[in-house]
Participant: 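Pasting in a structure now, in C-alpha cells, and then I'll have a few things to ask.
No experiment lies behind these values; they were computed from the predicted model shown.
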Amino acid sequence: MRTMTAMMSMLLLAGAAFGQQTNAMETYRQALQVQEQALFVQYGKALDAAMKALKMKGDLDTFLVVEAEKKRTEAEKTVPAPADAKDAFRPAAESYRKATAELLRKYVAALDGLVKQSMLADKIDDAKEAKAEAA
C-alpha cells in the first residue's frame, strides 16, 4: 500500500512539474504574441503619422500609396519585408522588423534558460520540448 501511495505521489508530482513546464512555455508564447501585437499596432500608427504628414504637405500620390498599405496591412495582418516596402513606408517596415527580430531573440534566450532549468531539474523531455520550441 505504501509503495502504491508513493508511486501515485511521484506521478502527481511529475504531472505537476510537466504542467509547470507547459505553463512556462505557454506564458512565454503569450507574452511573445502580446508584444508582437503591440509592434503591429505601432506600425499602423507610423502609417497614420506618415499619412497625416503627407496630407499636410499636399502629397496626394504618396498619401495614396501609404493609404493602400494601411488598408492592406489591416486586411492581411502582415507587415512587408523592408526590401518589399515602398519608399513611403520603408522606415516603418524596417523599424517593425528590427523590433520583432529583437523580440524573437529575447524569446529564444528565455527558452534557452528554460532548457537549462529543465536539465538541472533532470527533466530531459521538458528540455527537449523547450529546445524544439526555440528552433
Participant: Inspect the contact between Glu102 and Arg105 and indicate whether a charged nitrogen and a carboxylate oxygen are less than 4.0 angstrom apart.
Facilitator: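 Yes, this pair counts.
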Participant: Hey, quick one: are Leu104 and Leu114 part of the same hydrophobic cluster, counting side-chain heavy atoms closer than 4.5 Å, chains of contacts allowed?
Facilitator: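 Same cluster: Leu104 reaches Leu114 through Ile, Leu, Val, Met, Phe, Trp or Tyr contacts under 4.5 Å.
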Participant: Please round to the nearest 0.5 Å and tell me the distance separating atom NZ of Lys116 and atom CG of Asp112.
Facilitator: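 If I round to the nearest 0.5 Å, the distance is 6.5 Å.
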Participant: List the atom of Leu39, the atom of Ala99, and the distance in Å for their closest heavy-atom pair.
Facilitator: CD2-CB, 3.5 Å
Participant: Is Lys70 atom NZ crowded by more than 12 heavy atoms from other residues, nucleotides or ligands, each under 6.0 Å away?
Facilitator: yes
Participant: Among Val66, Leu60, Thr62, which residue satisfies the side chain to side chain contact (heavy atoms under 4.5 Å, CB included) criterion with Leu64?
Facilitator: Leu60
Participant: Nearest 0.5 Å, what's the OG-NZ distance between Ser118 and Lys131?
Facilitator: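 Between atom OG of Ser118 and atom NZ of Lys131 there are 12.0 Å.
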Participant: For the atom pair OH (Tyr96) and CG (Leu47), what is the distance rounded to the nearest 0.5 Å?
Facilitator: 12.0 Å
Participant: Indicate the atoms forming the closest heavy-atom contact of Arg97 with Ala81, along with that distance.
Facilitator: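 In terms of heavy atoms, the two residues are closest at NH2-N, 3.7 Å.
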Participant: One thing to verify: whether Glu94 and Lys98 come together as a salt bridge, which I'm taking to mean a side-chain N less than 4.0 angstrom from a carboxylate O.
Facilitator: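 No, this pair does not count.
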Participant: Which heavy atom in Phe40 sits nearest to a heavy atom in Thr78, and how many Å separate them?
Facilitator: CE1-N, 3.8 Å
Participant: Could Glu26 and Arg29 be called an ion pair, given the rule that one side-chain N must be under 4.0 Å from one carboxylate O?
Facilitator: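 Looking at Arg29 together with Glu26, the answer is yes, because their closest N to O distance falls below 4.0 Å.
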Participant: Hey, are Glu133 and Tyr28 close enough side-chain-wise for a donor-acceptor pair under 3.5 Å?
Facilitator: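 Note: Tyr28 and Glu133 side chains miss the donor-acceptor criterion.
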Participant: Step by step, would you call Lys45 with Val41 a side-chain contact (heavy atoms from CB on, under 4.5 Å)?
Facilitator: CA-CA 6 Å; Lys45 288 180 180 180; Val41 168; 3.8 Å; yes
Participant: State yes or no: do Val115 and Ile124 share one hydrophobic cluster built from I, L, V, M, F, W and Y residues joined by side-chain heavy-atom distances below 4.5 Å, directly or via other members?
Facilitator: yes
Participant: Minimum heavy-atom separation for Arg90 and Ala85, please, with both atom names.
Facilitator: NH2-O, 2.5 Å
Participant: Which heavy atom in Glu67 sits nearest to a heavy atom in Met51, and how many Å separate them?
Facilitator: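 The pair with the smallest heavy-atom distance is CA-SD, 3.9 Å.
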Participant: To the nearest 0.5 Å, what is the distance between CE (Met56) and CG (Leu54)?
Facilitator: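 Between atom CE of Met56 and atom CG of Leu54 there are 11.5 Å.
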Participant: Using 0.5 Å steps for rounding, measure from the NZ atom of Lys128 to the CE atom of Met119.
Facilitator: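 Spacing of NZ (Lys128) from CE (Met119) equals 9.5 Å.
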Participant: Does the side chain of Tyr43 come under 3.5 Å of the side chain of Glu69 through a donor N or O and an acceptor N or O?
Facilitator: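 Tyr43 vs Glu69: donor-acceptor pair found between side chains.
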